[in-house]
Amino acid sequence: SRRAFDYYQMRRYGQSLEYMQKAAERRPLNRSEQFLSAWDYYHTSNNTAAADLFRKLYNAKRDDTQRQEPLRFAIRAR
């Protein structure tokens, strides 16, 4: 994924995406890597894939926040 980031910084988004896809074949991508992939999709005009991945990442974060909400309420109630 380091090479993918390097290509992204050079604005070589297609090559960046290739390296992210290779990494994804070997292991699950972390959140930052998934964001990089989403931006690669966006910059290579694959807007549907970009939107789907951005939506997935947004919903996953929102779900984490919603799962933590009862804990926050319990802490505030003390």
Side-chain angles (χ1 to χ4, degrees):
S1 73
R2 176 68 193 161
R3 190 166 283 166
F5 182 73
D6 291 341
Y7 279 122
Y8 183 87
Q9 287 187 313
M10 291 185 283
R11 297 181 181 187
R12 295 167 69 178
Y13 306 113
Q15 289 172 297
S16 176
L17 186 56
E18 280 182 44
Y19 277 97
M20 290 311 309
Q21 290 170 337
K22 288 177 184 177
E25 291 172 3
R26 293 189 307 273
R27 60 175 174 73
L29 299 179
N30 66 35
R31 188 170 175 81
S32 295
E33 292 168 329
Q34 291 178 59
F35 267 110
L36 181 66
S37 294
W39 281 112
D40 284 334
Y41 284 127
Y42 172 80
H43 288 296
T44 57
S45 299
N46 190 340
N47 296 328
T48 301
D52 290 345
L53 190 47
F54 279 126
R55 189 175 298 111
K56 174 187 163 196
L57 291 164
Y58 170 79
N59 287 335
K61 188 65 175 173
R62 190 177 69 190
D63 288 348
D64 289 345
T65 302
Q66 288 172 341
R67 279 194 291 268
Q68 294 171 6
E69 194 59 34
L71 177 59
R72 285 191 196 127
F73 179 76
I75 290 170
R76 276 188 247 135
R78 288 181 156 198

If you measure from CG on N47 to CZ on F54, what distance do you get to the nearest 0.5 Å? 10.0 Å
In terms of heavy-atom contacts, A38 and A50 come closest through O-CB, 3.5 Å
Any donor-acceptor pair under 3.5 Å from S16 side chain to R12 backbone: no
For Y7 and Y13, run ring-ring contact (aromatic ring centres under 6.0 Å, His included): C-alpha distance rounded to whole Å, both residues' side-chain angles, the deciding distance at 0.1 Å, then the answer. CA-CA 7 Å; Y7 279 122; Y13 306 113; over 10 Å; no
Can you see which heavy atom on D40 is nearest to which on Y8, and at what distance? OD1-CD1, 3.1 Å
Can you tell me if R26 uses its side chain to pair, donor with acceptor, with the backbone of K22 under 3.5 Å? yes
Can you give me the closest heavy-atom contact between L53 and S37, atom names plus distance? CD2-CB, 3.9 Å
Take K56 and Q34, measure what side-chain contact (heavy atoms from CB on, under 4.5 Å) needs, and give me the verdict at the end. CA-CA 10 Å; K56 174 187 163 196; Q34 291 178 59; 3.4 Å; yes
In terms of heavy-atom contacts, L36 and M20 come closest through CD2-SD, 3.7 Å
Quick one: closest heavy-atom pair of L29 and A23, and the distance? CD2-CB, 3.9 Å
Taking Q9 for the side chain and D6 for the main chain, is one N or O donor matched with an acceptor at less than 3.5 Å? no
Checking N59 against R55 for the side-chain contact (heavy atoms from CB on, under 4.5 Å) test, could you report, in this order, the C-alpha distance in whole Å, the side-chain angles of both residues, the deciding distance, and whether it holds? CA-CA 6 Å; N59 287 335; R55 189 175 298 111; 3.6 Å; yes
Do Y19 and M10 belong to the same hydrophobic cluster, where Ile, Leu, Val, Met, Phe, Trp and Tyr are linked whenever their side-chain heavy atoms lie under 4.5 Å apart, directly or via other members? yes
Given R2 and F5, is the side-chain contact (heavy atoms from CB on, under 4.5 Å) satisfied, shown in steps? CA-CA 5 Å; R2 176 68 193 161; F5 182 73; 3.4 Å; yes
If you draw a 6.0 Å radius around CZ in R11, do more than 12 non-hydrogen atoms from other residues or ligands fall strictly inside? no
